[in-house]
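Some notes on the structure that comes next.
These values consider heavy atoms only, across backbone and side chains, with no hydrogens, waters or symmetry-generated copies. None of these values were measured; they are calculated from a predicted model.
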Amino acid sequence: RPVEFDWLVDRDRHEYGLIAQEVEKVLPEIVVENKAIGDTKDFLNDLDGTEDFKTVDYSKLNVLLIDAIKEQQKQIEELKKEIKEIKNGSAN
């Protein structure tokens with residue numbers, strides 16, 4: 001589920017992305033756990049006592065999206081062929 005968000009530490013940064021915890025439920029292999037540093041570490045410690053946060057490895061996601069697009073294109077071509085056959089009256 002794509003989301004818009006502002007970073008909690010650097011509020012001047014508006015971003016678009018995915019929530020790592022949601023992605024992790026479907027594709028755990030593209031989620032990375034990180035150790036926070038600096039202001040982010042302080043923020044997380046104050047928030048819930050942790051120093052870890054998760055991110056999505058978008059480079060891996062891109063590879064999976066390319067494969068999904070190829071599969072979708074195959075389905076589109078098959079449907080176009082079926083439509084053509086129906087229009088020509090040759091489908092049984």
Side-chain angles (χ1 to χ4, degrees):
R1 155 178 87 90
V3 295
E4 271 183 71
F5 63 95
D6 294 316
W7 289 100
L8 294 173
V9 174
D10 184 1
R11 294 199 181 262
D12 293 338
R13 290 184 54 199
H14 188 74
E15 297 281 345
Y16 300 90
L18 302 170
I19 297 173
Q21 289 80 355
E22 291 179 1
V23 173
E24 187 174 39
K25 292 175 184 175
V26 181
L27 292 166
E29 59 273 14
I30 69 168
V31 174
V32 179
E33 191 160 326
N34 305 281
K35 291 284 183 191
I37 60 172
D39 290 341
T40 303
K41 181 178 178 180
D42 295 339
F43 176 82
L44 290 175
N45 271 323
D46 291 343
L47 180 69
D48 61 9
T50 65
E51 296 179 0
D52 300 329
F53 65 99
K54 295 180 180 186
T55 58
V56 175
D57 185 341
Y58 288 98
S59 63
K60 289 180 182 176
L61 178 61
N62 288 335
V63 172
L64 295 171
L65 290 174
I66 290 168
D67 195 43
I69 290 169
K70 287 170 55 179
E71 179 61 30
Q72 186 177 47
Q73 189 60 41
K74 182 180 170 185
Q75 292 173 0
I76 290 169
E77 294 303 323
E78 289 172 2
L79 290 170
K80 286 167 108 177
K81 182 180 175 186
E82 285 182 36
I83 290 169
K84 186 176 180 181
E85 289 173 357
I86 291 170
K87 282 183 175 181
N88 291 334
S90 61
N92 294 332

I want to check something: taking the side chain as every heavy atom from C-beta on, are [X] and [Y] in contact at a cut-off of under 4.5 Å?
X: Q21; Y: K54; value: yes
X: K84; Y: K80; value: no
X: D52; Y: K35; value: yes
X: N62; Y: L65; value: yes

Do [X] and [Y] land in one hydrophobic cluster if side-chain heavy atoms of ILVMFWY residues count as linked below 4.5 Å?
X: L18; Y: F5; result: no
X: L64; Y: V26; result: yes
X: I30; Y: V63; result: no
X: I19; Y: V32; result: no

Rounded at 0.5 Å granularity, tell me how far [atom1] in [X] sits from [atom2] in [Y].
X: E71; Y: I66; atom1: CD; atom2: CD1; value: 15.0 Å
X: K81; Y: I86; atom1: NZ; atom2: CD1; value: 12.5 Å
X: K74; Y: I76; atom1: NZ; atom2: CD1; value: 13.0 Å

Is atom CD of Q72 surrounded by more than 12 heavy atoms (other residues, nucleotides or ligands) closer than 6.0 Å? no
Short side-chain donor-acceptor distance under 3.5 Å, T50 and D48: yes
Can you list everything that forms a ring pair (Phe, Tyr, Trp, His ring centres under 6.0 Å) with F53? Sequence neighbours excluded, please.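 Once residues adjacent in sequence are excluded, F53 has no partner under the ring pair (Phe, Tyr, Trp, His ring centres under 6.0 Å) criterion.
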Please find the pair of heavy atoms, one from D6 and one from H14, that lie closest to each other, and give the distance. OD1-ND1, 2.7 Å
Using modelled atom types and a 3.5 Å cut-off, is there a donor and acceptor pairing between side-chain atoms of N34 and backbone atoms of A36?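 Not a single qualifying donor-acceptor pair exists.
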